[in-house]
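Chain letters run A, B, ... following the sequence lines, proteins first, then strands; residues in each count from 1. Because the structure is a prediction, the values reported are computed rather than measured.
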Number of protein chains: 2
Amino acid sequence: MKKSALQQARAAYKPQLPIVLTGGVKVVEGEATQSADNQEDIKNLFPNTYGLPEIRFEKVPAEESVEPINVGVILSGGQAPGGHNVISGLFDGIKNLNKKSRLYGFLMGPGGLVDHKYKELTAEIIDEYRNTGGFDIIGSGRTKLETKEQFDKGLEILKELDIKALVIIGGDDSNTNAAILAEYYKAIGAGVQVIGVPKTIDGDLKNNVIETSFGFDTATKVYSEVIGNIQRDCNSAKKYWHFIKLMGRSASHIALECALQCQPNVCIISEEVETKNLTLDQVVDDIADAVVARAKDGNNYGVVLIPEGLIEFIPAVKALISELNDLLAVKAEEFAAIDPEKQREWVLGQLSEANAKTYESLPAGVARQLTLDRDPHGNVQVSLIETEKLLSEMVGKRLEQLAAEGKYNGKYATMHHFFGYEGRCADPSNFDANYCYALGYTAACLIAAGKTGYMSSLRNLTFAPVNWIAGGIPITMMMNMERRHGEMKPVIRKALVELDGAPFLKFAKERNTWKYNTCYTYPGPIQYFGPSEVCDLPSLTLVYEQKRRRY
Amino acid sequence: MKKSALQQARAAYKPQLPIVLTGGVKVVEGEATQSADNQEDIKNLFPNTYGLPEIRFEKVPAEESVEPINVGVILSGGQAPGGHNVISGLFDGIKNLNKKSRLYGFLMGPGGLVDHKYKELTAEIIDEYRNTGGFDIIGSGRTKLETKEQFDKGLEILKELDIKALVIIGGDDSNTNAAILAEYYKAIGAGVQVIGVPKTIDGDLKNNVIETSFGFDTATKVYSEVIGNIQRDCNSAKKYWHFIKLMGRSASHIALECALQCQPNVCIISEEVETKNLTLDQVVDDIADAVVARAKDGNNYGVVLIPEGLIEFIPAVKALISELNDLLAVKAEEFAAIDPEKQREWVLGQLSEANAKTYESLPAGVARQLTLDRDPHGNVQVSLIETEKLLSEMVGKRLEQLAAEGKYNGKYATMHHFFGYEGRCADPSNFDANYCYALGYTAACLIAAGKTGYMSSLRNLTFAPVNWIAGGIPITMMMNMERRHGEMKPVIRKALVELDGAPFLKFAKERNTWKYNTCYTYPGPIQYFGPSEVCDLPSLTLVYEQKRRRY
């Protein structure tokens, strides 16, 4: 692998460990915990791992060497900056326990455990990946560990390699499955502990005990860099409206953080759209309002941020998609036999009145996409819908009406962008590099302490890393029961943007100023070597959330 | 303007001046020069400014204060990182001559001169914009300064403000117009000097006396950052082929530089396609070959870089577009009256056999775009064609054929990106910050030396800035006659990628290794504060070109 100059310089970076992890540790147990909701159900489903105490580590003099321990690690789901540092922290943690400890990485995600595909991660390999982005050290994958067969198959290879603990680095689903696996292995006396690590750039795996998931900080900084650059271009050329879609299907944390960083003219927050039961037309009107008002000041340009999942949060569109899914599942053959030119008419005739009205309001291309591009289960592939173009086109139509009514006479030219893959594998920011390394190191401490069903935890993250509090949170503590594919399942509750949360309130307070004026901020690229106020600041979302928590 | 932490830290950066500019300067004149070609024509068109010598500045003890001088500055054309530093260098340069000198910025491009829209750039304003990206200090625009009426109108305001020299920061066209304006003002004895500054992220304004245009370095670093991040994602998830289109319509320097930085699997170079007279099918086959070969190794992923202007370089497509432009200009009404469903058939019936064949080979959506989306002159809007999707779709079709023949059984899923606006207004890299500041400062020296029709010049750019050679190049020296809109015009010759140039040869030597293997390099974001080997390296294009030149 040919390394860039930055990679070479960055390889030498030593993540800052919390002071509590710099010697030996002792476990301090808190009170027994309860699940987030549905306590009886969760307790019944996790008889062996429910109600465990939160734990926190305290520093003690370094212990005598303990027995060597073999550990397995899995990267699950979408990439997030810092995964390699979780693994290197874990590696250093178990080597610190005993130099003969070994780390095995299962390849291409949870599937590697089931299919017995793995490699030993030696010091030589680990050193190649310190402080780098990507999950390429062992790859990642989306296989879900859910069935007893998978658990048993996995146990075969764990036994063969004498692995005593498995660390699963993943999002809410993967950590839910980690908890189920921990429970199962405990129940059958398999002798394998399972520890989770909170990963996702989407920022939706957090709660009152997990301050943030790793990767969110770096990914949003990369998006903010390019959004800022586009804003500066926008403000120099003064001739385009840029519609920028951002990754994040389930929650709008990414869009919100980028809005706080960059101060664009408009940022749609899906959770607000849903809560206020807004129609697509209302969202369009909101943007058109900005275009019209700015045009009056001679400013025929602007920037609009759109969360990827928006369309699924608009109640009317959600209802339409749901009816379409049912309709086209039942009448798939009939639909397929219809002349493509007549499909639109046919669909309109089949839909309920309300949904037909929504369908009719959509641009032809998008409407067509809703009926044609379907996944193997027959469902609409929402992620393929180009929401940024849908909105800009509908805003254009609205402006035509307003122009006809004499209420608008500006120019409206648009550009479209979608940012996602640009940020998932960036080199981790100092924050994520430190946070991830500490998460991995803490996982090693949890393993040494014999814990299972815990998530590695660092708190006080807005302080310098030396002051971070390290410990473990029982995963069951974050769970509740939710309906998934028609069945009630125990899951970690997803963190959506809270409309009474500090980050949203800050945004809500400022957004009208940003909308009509030009208040762009230009964060620039992530810096690794400069002054601390440039290199080490965590996300504004985290800062605002934690500030509030402390008062 | 709320400043980001990076902006605040970056505001304190002091660009490094060439040592020759740190005191007073004396002019050293070289030999009289000749235009690049068509010497007689150019000489006749530029009787007053043809054949001037190249000049170079040498350091002398700082002079007694000279008379204050008023200078105007214009940003012309697309944004490029560093424009603000050209202006701050110019400001500091004329203030160094005499503190009472004044700088006026004409607003929103050359149109500001004609329309008498300007503002004085005071120290307070300048200080807000040092080392920042964007052209927002005075805005830019694409009005072309071409007519006597414009020149005379401009002269009115120049006289009114007592401006003795005008600095035009722009690309090849803008500098051509700067030369014409210089000649005109000289011819009529207007008493206004005109100095050009070479700007364009495209990198196509360079020659044996201008080593590079400013902005190319920063923009390609931003694109390389995000391409590298996507490559790392690609190499972690191992399930997508990413098709990445990059700005650069006339030349492929940007794509080539990004390829040298990132080592993707495929990078198309338009100039090669044209020189080798490749068909669209051959380009598609080249990519399909990479997909098939990598699939055999189990690698169903990869990255393809595509220059924005590719489609215009494919001789067959160029011929098709040309015939379509003529056809639809002549038969516009007839075409418009045709049922949209039958337009394709009608077009096929009208085209010559060869062009009909090309038209038929295009995906339906692209073919439709060629006939429908036309500019006010009736021409195809090539920039709207989504070349990245066109190619990925055609590769998909080719793979289906190969699969049917039993020659391919991989998976082929694609993602598309277009990077352009992300890089044009980034904060300038240290290289561009230094280069631009020196270009502006040198322009001030050229003004003080009474020169007109010159381009500000820095050479030896791969050395440390202190060693750069500062001077001026007569713009006529870079000119030749070319046909534009049916007329022979004097223009600066555009620098295309040379297939026998060092950067392309380096790429050509390595590309098969990159194609079949995974040799991705991850440059990461631009760094401003770290070790010199991370922060100060110029583009590889410049390094390879200059290395060759010195041997």
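Contacts with chain B were tallied for A/P81, A/G423, A/G141, A/A426; A/A426 has the most, counting heavy-atom pairs under 4.5 Å. Ranked by heavy-atom pairs shorter than 4.5 Å toward chain B, the options A/H416, A/H417, A/Q8 are led by A/H417. Per-residue heavy-atom pair counts under 4.5 Å with chain A were compared for B/I137, B/T518, B/I230, B/V226, and the maximum is reached by B/I230. Top candidate by heavy-atom pairs under 4.5 Å with chain A, chosen from B/L75, B/D427, B/T132, is B/T132. Listed options B/P523, B/G228, B/G524, B/G109 were ranked by heavy-atom pairs under 4.5 angstrom with chain A; first place goes to B/P523. The choice from B/G420, B/G83, B/P525, B/C519 that makes the most heavy-atom pairs within less than 4.5 Å of chain A is B/P525. With chain A as the partner, the residue from B/S140, B/A9, B/G139, B/G133 showing the most heavy-atom pairs under 4.5 Å is B/G133.
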Working for salt bridge (Lys or Arg N to Asp or Glu O under 4.0 Å), residues B/E386 and A/K389 = CA-CA 14 Å; B/E386 295 177 302; A/K389 290 187 185 166; 3.2 Å; yes
task = Take A/R142 and B/K239 through the side-chain contact (heavy atoms from CB on, under 4.5 Å) test and state the conclusion after the steps.
result = CA-CA 11 Å; A/R142 295 192 181 271; B/K239 63 178 180 181; 3.7 Å; yes
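In terms of heavy-atom proximity, B/C425 sits nearest to A/D233 at SG-CA, 3.3 Å. Across every non-hydrogen atom of B/R232 and A/G134, the tightest pair is CG-CA, 3.5 Å. Closest heavy-atom contact between B/M108 and A/A237: CE-O, 3.8 Å.
At a 4.5 Å heavy-atom cutoff, B/R10 makes no contact with chain A through either its backbone or its side chain. Residue B/F419 touches chain A through its side chain alone, counting heavy-atom pairs closer than 4.5 Å. For chain A, the nearby parts of B/Q527 are the backbone and the side chain; heavy atoms of each come within less than 4.5 Å.
The side chain to side chain donor-acceptor pair (under 3.5 Å) check on A/Q263 picks up A/T521, B/K2, with sequence neighbours excluded. For the side chain to side chain contact (heavy atoms under 4.5 Å, CB included) test, residues two or more places apart in sequence or in another chain that qualify with B/T200 are B/D202, B/D204, B/L205, B/S213. Considering only residues two or more places apart in sequence or on other chains, B/K411 meets the side chain to side chain contact (heavy atoms under 4.5 Å, CB included) condition with B/N300.
Of the inter-residue distances, the one linking B/I526 atom CD1 with A/E225 atom CD reads 7.5 Å to the nearest 0.5 angstrom. Atom CD1 in A/I244 sits 8.0 Å away from atom CD in B/E422 (nearest 0.5 Å). How far CZ of A/F135 is from CG of B/N235: 13.5 Å, rounded to the nearest 0.5 Å.
Interface residues of residues 528-538 of chain A toward chain B, defined by a heavy-atom distance below 4.5 Å and sorted by number: A/Y528, A/F529, A/G530, A/P531, A/E533, A/V534.
Put simply, the side chain of B/D136 never gets that close to the backbone of A/S236: no donor and acceptor are under 3.5 Å apart.
The number of heavy atoms from other shown groups lying within 6.0 Å of NZ (B/K117) does not exceed 12.
Classified by interplanar angle (parallel below 30°, tilted 30° to 60°, perpendicular above 60°), the ring pair B/H242/A/Y421 is perpendicular.
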